[in-house]
Enquirer: 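Take this structure first; my questions come after.
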Amino acid sequence: MSLSWITPADRVQKLPPYVFARLDELKAKAREQGLDLIDLGMGNPDGATPQPIIDAGIAALQNPANHGYPPFEGTATFRQAITKWYNRRYGVQLDSDTEALPLLGSKEGLGHLAIAYINPGDTVLVPSPSYPVHFRGPIIAGGVIHNITLKEENNWLIDLNSIPEEVAQKAKILYFNYPSNPTGATAPREFFEEIVAFARKYEILLVHDLCYAELAFDGYQPTSLLEIPGAKDIGVEFHTLSKTYNMAGWRVGFVVGNRHVIQGLRTLKTNLDYGIFSALQTAAKTALELPDSYLEEVQTRYRTRRDFLIQGLGELGWNVAKTKATMYLWVKCPVGMGSTDFALDVLQKTGVVVTPGNAFGVGGEGYVRISLIADCDRLGEALARFKKAGICYQQEAVVSV
Ligand SMILES: *Cc1c(COP(=O)(O)O)cnc(C)c1O
């Protein structure tokens with residue numbers, strides 16, 4: 001007997017197709033055809049996890065005390081390492097028992113937060129483009145998404161004035177993320193002050209994703225939501241070890257901020273998972289305690305790639321602004337070409353994988369995201385293939401009269 005009569009729940013069926021999954025299929029096909037793929041499509045750092053973290057993990061693996069179920073709320077030592085790190089970086093004091101919660105990667109927490117706080121029909125404000133779980137989590141929870149369309153002429157910042165009064169009145173949660181994936185945009189401190197005032201006025205839970213807290217360049221230091229006075233009353237902030245420490249496969253993130261919100265998320269998670277393997281929490285603590293010289297190394301790696309690729313794309317007609325943070329370039333499609341068509345064209349002609357901007361919502365249409373997850377040799381090879389295939393950006397013809 002087949003199970004053809006059983007269908008996934010509406011909450012799964014209602015999800016728009018996950019573009020990364022479709023991209024994976026196309027990549028597999030291209031590989032079968034023998035293409036040497038240069039994959040700049042994912043947000044998966046290419047470097048190895050630093051050795052001290054691996055060593056701490058190996059030692060912790062040998063300890064049978066770590067082999068049982070970890071505590072639901074994360075180990076006390078990791079939570080204390082989180083609040084110490086947070087205080088060192090931002091000068092803000094947090095209570096490690098109630099205001100910090102380890103997560104199985106921040107994506108897990110961002111998604112589960114939606115399940116914990118959104119009732120079917122609740123309005124959720126989400127910028128477009130944005131990191132997919134910021135809208136997919138709320139969709140799964142049955143929320144009604146109000147897209148805040150971001151615009152290049154506004155430096156991809158949320159224009160709070162563009163949110164209609166009646167929408168702001170009924171909105172329950174606002175997700176946002178600066179430095180931003182996918183646009184690479186950063187927000188000045190004044191923006192954080194504005195958004196906190198907005199959320200306090202309309203009683204909206206602010207959910208900030210600060211996953212690129214440390215991947216910043218040229219002396220720029222990203223702002224944390226909780227640095228803003230009054231933010232802890234209405235907000236939480238998500239962090240991850242995946243990007244800074246090349247630990248994407250380890251699945252370690254955390255959330256800090258409002259204790260009531262964290263308690264709600266903890267209650268949900270207690271019913272669904274057991275949290276992170278204790279040995280990995282020991283290793284993660286080591287990561288947060290690495291000296292700043294490590295950060296300089298990572299920052300230099302991405303900055304060098306950023307400069308190299310911006311220069312190369314410039315020779316092909318693109319004028320890409322220097323991003324102050326993240327590991328992405330947000331690149332305009334050639335005039336008259338949509339995101340999906342351009343990404344497929346690039347893949348077919350060059351074997352270079354870039355992500356169509358519409359994977360991040362309708363607001364990403366007309367752009368592709370290029371991840372700086374290959375060394376300059378490979379990036380140079382990608383540029384050479386672009387050139388050979390005639391892939392370039394042409395300005396709209398200036399009509400002279
Ligand atoms: C990579 C990324 C995440 C996911 O991080 P994990 O901790 O690995 O789940 C979350 N938010 C943004 C914006 C990201 O780019």
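Computed from heavy atoms alone, side chains included, the values below leave out hydrogens, waters and symmetry copies. Remember, it's 1-based here, ligands and their atoms both numbered in the order they're listed.
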Enquirer: Using 0.5 Å steps for rounding, measure from the NE2 atom of His239 to the OH atom of Tyr86.
Expert: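 Going from the NE2 atom of His239 to the OH atom of Tyr86 covers 5.5 Å.
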Enquirer: Cut-off 3.5 Å, side chains only: do Glu297 and Ser293 have a donor facing an acceptor?
Expert: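 Not at all, the side chains of Glu297 and Ser293 share no donor-acceptor pair under 3.5 Å.
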Enquirer: Will you find, in the side chains of Tyr212 and Lys243, an N or O donor that is under 3.5 Å from an N or O acceptor?
Expert: yes
Enquirer: Could you tell me how the ring of His67 sits relative to the ring of Phe277: parallel (under 30°), tilted (30 to 60°) or perpendicular (over 60°)?
Expert: tilted
Enquirer: With heavy atoms only and a cut-off of under 4.0 Å, state how Lys243 meets ligand 1: side chain, backbone, both or neither.
Expert: side chain
Enquirer: Evaluating non-hydrogen atoms only, which member of Leu210, Thr240, Leu241 is closest to atom 7 (O) of ligand 1?
Expert: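 Result: the heavy atom closest to atom 7 (O) of ligand 1 is in Thr240.
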Enquirer: Side chain, backbone, both or neither: which part of Phe238 comes within less than 4.0 Å of ligand 1 when only heavy atoms are counted?
Expert: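 Within the 4.0 Å criterion, Phe238 makes no contact with ligand 1.
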Enquirer: Answer with yes or no whether Gly253 contacts ligand 1, where contact means a heavy atom under 4.0 Å from a ligand atom.
Expert: no
Enquirer: Test of understanding: given a 4.0 Å heavy-atom threshold, classify the contact between Ser242 and ligand 1 as side chain, backbone, both, or neither.
Expert: side chain
Enquirer: Out of Arg251, Met327, Met42, whose heavy atom is nearest to atom 9 (O) of ligand 1?
Expert: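 Checking each option, the heavy atom nearest atom 9 (O) of ligand 1 is found in Arg251.
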Enquirer: Just which atoms of ligand 1 are under 4.0 Å from any heavy atom in Tyr212?
Expert: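 That gives atoms 1 (C), 14 (C), 15 (O) of ligand 1.
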Enquirer: Judged by modelled atom types alone, do Trp156 and Ser180 share a side-chain donor-acceptor pair under 3.5 Å?
Expert: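 There is no such pair between these side chains.
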Enquirer: Asn177 heavy atoms, cut-off 4.0 Å: which ligand 1 atoms fall inside?
Expert: 13 (C)
Enquirer: Could you tell me how the ring of Tyr202 sits relative to the ring of Phe198: parallel (under 30°), tilted (30 to 60°) or perpendicular (over 60°)?
Expert: tilted
Enquirer: Consider only side-chain N and O atoms of Thr326 and Thr323, and report whether a donor and an acceptor are under 3.5 Å apart.
Expert: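 No - no donor-acceptor pair under 3.5 Å links their side chains.
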Enquirer: As an exercise, identify every atom of ligand 1 less than 4.0 angstrom from a heavy atom of Gly105.
Expert: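 Per the distance check, 7 (O), 9 (O).
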Enquirer: For atom 13 (C) of ligand 1, grab the closest protein heavy atom and report residue, atom and distance to one decimal in Å.
Expert: Asp209 OD2, 3.2 Å
Enquirer: Got a sec, which residues hit side chain to side chain contact (heavy atoms under 4.5 Å, CB included) with Leu103, two or more places apart in sequence or on another chain?
Expert: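 Only Leu101, Glu108, Phe238, Val255, Leu265, Lys269 meet the side chain to side chain contact (heavy atoms under 4.5 Å, CB included) criterion with Leu103.
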Enquirer: Atoms of ligand 1 less than 4.0 Å from Asn181 heavy atoms?
Expert: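 So the answer, numbered in order with elements, is 13 (C), 14 (C), 15 (O).
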Enquirer: Look at atom 4 (C) of ligand 1 and say which protein heavy atom is nearest, naming residue and atom and giving the distance to 0.1 Å.
Expert: Tyr131 OH, 3.2 Å
Enquirer: Suppose we measure from atom 5 (O) of ligand 1 to each protein heavy atom; which comes out shortest, and what is that distance?
Expert: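 That would be Ser106 OG, 3.1 Å.
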Enquirer: Would you mind checking if Asp209 and Lys107 are paired as a salt bridge, meaning a charged N to carboxylate O distance below 4.0 Å?
Expert: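 Judged by the 4.0 Å cut-off on N to carboxylate O distance, Lys107 and Asp209 do not form a salt bridge.
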